[in-house]
2 protein chains.
Amino acid sequence: MLLTPKWDENGDEPQYVQLYTFMKNEIVAGRLTEQTRLPSVRKLADLLGLSTTPVEMAYQQLLSEGFIQSRPRSGYFVEALPDPEVKPGIATNSEPGQHESQPVPSKRPLLRDDKPYMYDFHMSQNDFSLFPYTMWRRLYNQTLRLEQQEDLFYGDPQGEPGFRQQIADYLRRYRGVACSPDQIVIGADQFGLLSLVSLMLGTTHKHIGVENPGYLLYANTFRQHGYEAVPISLEEDGICIGELYEINIRLVAVSPSHQYPRGMIMPVSKRLQLLEWAQTVNGYIIEDDYDGEFRYHGRPIPSLQGLVPNSNVIYMGGFAQVMAPALGVWYMVLPETLLEVYYSLLRETLLEQSSSRLHQRTLQAFMEKGLLEKHVRKMRNLYRKKHDALLAAVQKHFGERASVIGKDAGFHVLLRVYSERTEEELKQLAIQAGVRTSSASFTWLLPPDTLPKEFFLGFSGISLEKIDPGISVLCRAWFGDS
Amino acid sequence: MLLTPKWDENGDEPQYVQLYTFMKNEIVAGRLTEQTRLPSVRKLADLLGLSTTPVEMAYQQLLSEGFIQSRPRSGYFVEALPDPEVKPGIATNSEPGQHESQPVPSKRPLLRDDKPYMYDFHMSQNDFSLFPYTMWRRLYNQTLRLEQQEDLFYGDPQGEPGFRQQIADYLRRYRGVACSPDQIVIGADQFGLLSLVSLMLGTTHKHIGVENPGYLLYANTFRQHGYEAVPISLEEDGICIGELYEINIRLVAVSPSHQYPRGMIMPVSKRLQLLEWAQTVNGYIIEDDYDGEFRYHGRPIPSLQGLVPNSNVIYMGGFAQVMAPALGVWYMVLPETLLEVYYSLLRETLLEQSSSRLHQRTLQAFMEKGLLEKHVRKMRNLYRKKHDALLAAVQKHFGERASVIGKDAGFHVLLRVYSERTEEELKQLAIQAGVRTSSASFTWLLPPDTLPKEFFLGFSGISLEKIDPGISVLCRAWFGDS
DNA sequence: ATGGATTTGTCCGTATGTATG
DNA sequence: TCATACATACGGACAAATCCA
């Protein structure tokens, strides 16, 4: 609109004439509409790299021809177009291609189902009612100061050192992770961190074992980087170690503390077997611990990573669940054996840190004041209430017609429904009743012959009061009046 | 520290004894230092999933043995360790592995040269003295509100729609880029965005042409994803089109508006030839426009992308230069023909947005108020002053002994030095004189037989007053008293 | 709401290249 | 060849309007 793509540098047309013609066309074509303020003489001159004179002359010309109006010391404004009846040529000309600058309706496919539901049991929402808004604002504002100008520049590509120190301390205390700050790598998203892992490990074997069913991000991400994703069966106590030995892989992703989506805990005996497998094949284990802090009854489950010192475990965590996804702060803990590989990747690629330095510093301050610990406890208590309410509601309304899988932790349970209806029928009935609950079938990388009818019931996002009525409505939709 | 990795679940040791032993060891080993406050009885019990009783018993035991001290209604605090002379066993034992929680000196290689220099002509610093601190804080605080809780959740994986609209408008006006918001993809870093491009285009040809010399990030990133990076010669007016036809490639990365590092502008004729090449081989052009806003004399150079409608150009830009790198907001503009590929990548991989949603929203508000335009002009004026001062200083001190390459735009110029000394000597002399100026030799993917002695002189980061003395010092270091 | 900083239309002195006499 | 006039462009200056703390 303002920056004319073509400009006759030293040709015959004087600059002010070119400018005048360009702006006249913009107005006639309707791209500059009535009452629109033109850029000030000085601004446009500056933008175009000219002196004010040609701009002024162009504006004067437009002014004298009545295309624009001058409000002294306020600006130039586009006049209403001359009446079409008087100049029919312009009117017909301006019809087809007008308003090119209007937003075009998006052709992008809907990736998230954002329809409003009366009862939203989405599998992993957050409840932000307890988010420490004022404290976060205060700490952010303290981070962003003139006196600390350098904090606005690029930070450590691995993540802010002080922040990594805080995370190392936190992980040691609350998740039993044994690591130094040097082993921690910050990133803005899971995909990015996993991509780094795939680059670090991809020189030899390009296979990754994943839990089936499980969190599909691992399979998807590594596939994008040329890996083959091998589904590994899930037993009652976690991934099947036997299969790991049968197949020629050296990398596996697991969620031992709270399996996604089925919620099982891998017992210590199996954990030791898994670590032994990694040592035997000289391979690596990716430990997904995205909800490790959120265990509601019984003892928290320490990480696999800290069970045996210096084991080949890559631990993945982040602040999306404990704080907010919008901050964009995730991390991973690399085993010592991968540090050199990581450093050479840094050197070769000149990687920048993707996670905002300001948010890293703010989180660091938040943790240094011991506020994270406090906030996690608050959130856990809140989610525990919801969790308990959900279980009570399911028991009350469904009784023997459904059973709950994977309780006591995380942000959802699975509801196994004993119904004659097909999964698709159940889905539709839920939608019609205004209840959001997605089927767990998409978590299978390789679906079994008969899919169990299991549905996600997320409890973290929905408000406490809506849980019981929501479950009641869902039960009635599926089983008629109860 | 607090969460014991090993816990004898139902073994012989009572819980309080395990806890007592654990904490005693922590204190003796020095991991819990004097005057550190222990977690409160209730908190620790909650954390461990126990009742308060065993925790209280453990603390009582520690108290009675003098390891900790109780301050009623205040907390338990670690006492000073018993005197080593009295208990020599502990002292000797605590020497080697003590203070495990202390920050370990990093083994990571120095990636950025962060030594303090008296005169810092780093090639691409920012001057944050004019950063709109208060306005940014205000807008950020307005973005982060209880009433807009949802903004804390995951956002649109492509980037916030309203923000993309603002970027589209901005690019059209100030860079001559023609695009709809649908074509814009937000990301937190260049590497991540380029990785997406490499995944989108990597199904067929895995080759990328890059300017030689040029910005090595393109070669490095695509190499990591299995591409071969082919150096293409640089002519006086930009990349050599002839070579593109000779080699079997279908992807090239260029910086037409201000070539990095040599600062040349690709003339319109060559731009059209380049676009024609892309059409002929059915390939793509990556246009790097990271400093397109910063042209100091003469007219701004409109983007290659907007020269011909619907051309196969991927435009790359970001807010690191115009605002601050620490925000972590970059973007690219995809051609229409790549949108479907991008969408299926989104669907398959379940990509999350990496750039912080809060910063996107804040930037959006900033742009909606027209403040970005204002800020860019301010920064450009500031950098122009520095640019002009640098050129004057070089002329004044070096005279005929050096010439300047690539002026009038960006954040650096190249100084070609006519000296008998080797590059390494010049480097060392500059360092000894307290002047930071890196050689341009690293920008060659494939160095020529004789490397010209060219040095980066960045002017954006250094303060205006230091420019002339800095150049003076540098000249004297290299040529003796002048 | 109120004062100070910034922005804005307008005006003016000057410089340069070209055409004219 | 020289002086003059004109069109075009540059860089400031002024005072009112507007924005912002």
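Each chain gets a letter, A, B and so on, in the order its sequence line appears, and its residues count up from 1. The figures here come from the full heavy-atom set of this structure, side chains too, leaving out hydrogens, waters and symmetry mates.
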Relative to each other, are the rings of [X] and [Y] parallel, tilted or perpendicular (30° and 60° limits)?
{"X": "B/Y140", "Y": "A/H359", "result": "tilted"}
{"X": "B/H258", "Y": "B/H412", "result": "tilted"}
{"X": "B/H297", "Y": "B/H387", "result": "tilted"}

Think [X] has a side-chain N or O under 4.0 angstrom from the OP1 or OP2 of [N]?
{"X": "A/R71", "N": "D/dT18", "answer": "no"}
{"X": "A/Y16", "N": "D/dT8", "answer": "yes"}
{"X": "A/R42", "N": "C/dT10", "answer": "no"}
{"X": "A/Q60", "N": "C/dT10", "answer": "yes"}
{"X": "A/Y76", "N": "C/dT10", "answer": "yes"}
{"X": "A/Q15", "N": "D/dA9", "answer": "yes"}
{"X": "A/T52", "N": "D/dC10", "answer": "no"}
{"X": "A/S51", "N": "D/dA9", "answer": "no"}

Mind calculating the distance between [atom1] ([X]) and [atom2] ([N]) to the nearest angstrom?
{"X": "A/R73", "N": "C/dA5", "atom1": "CZ", "atom2": "C1'", "answer": "18 Å"}
{"X": "A/L19", "N": "D/dA9", "atom1": "CG", "atom2": "C1'", "answer": "13 Å"}
{"X": "B/M135", "N": "C/dA5", "atom1": "CE", "atom2": "P", "answer": "17 Å"}
{"X": "A/D46", "N": "C/dG9", "atom1": "CG", "atom2": "C1'", "answer": "17 Å"}
{"X": "A/Y59", "N": "D/dT8", "atom1": "OH", "atom2": "P", "answer": "19 Å"}
{"X": "A/M57", "N": "D/dC6", "atom1": "CE", "atom2": "P", "answer": "15 Å"}
{"X": "A/Q61", "N": "D/dA7", "atom1": "CD", "atom2": "C1'", "answer": "14 Å"}
{"X": "A/E56", "N": "D/dA13", "atom1": "CD", "atom2": "P", "answer": "16 Å"}

Checking contacts here: which listed nucleotide ([options]) is nearest the side-chain heavy atoms of [X]?
{"X": "A/T53", "options": "C/dT8, D/dT8, D/dC10", "answer": "D/dC10"}
{"X": "B/K374", "options": "C/dT7, C/dT10, C/dT8", "answer": "C/dT7"}
{"X": "A/K43", "options": "D/dA9, C/dT8, D/dA21", "answer": "C/dT8"}
{"X": "A/P14", "options": "C/dT10, D/dT8, C/dT8", "answer": "D/dT8"}
{"X": "B/L371", "options": "D/dC20, C/dT10, D/dA9", "answer": "D/dC20"}
{"X": "A/S74", "options": "C/dT8, C/dT10, D/dT18", "answer": "D/dT18"}

- Task: I would like to know whether B/R380 and B/E293 meet salt bridge (charged side-chain N to carboxylate O under 4.0 Å, His left out); could you show each step before the answer?
- Result: CA-CA 8 Å; B/R380 195 174 34 171; B/E293 289 90 349; over 6 Å; no
- Query: When all nucleic acid strands are considered with a 4.0 Å heavy-atom cut-off, which category describes B/R377: base, sugar-phosphate, or nothing?
  - Reply: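 No contact.
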- Flag the pair A/F128 / A/Y133 as yes when their ring centroid distance falls below 6.0 Å, and as no otherwise.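 They do not qualify: ring centres at least 6.0 Å apart.
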- Message: Could you check whether A/D46 pairs with B/R384 (Lys NZ or Arg NE/NH1/NH2 to Asp/Glu carboxylate O, under 4.0 Å)?
- Response: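 Salt bridge present between A/D46 and B/R384.
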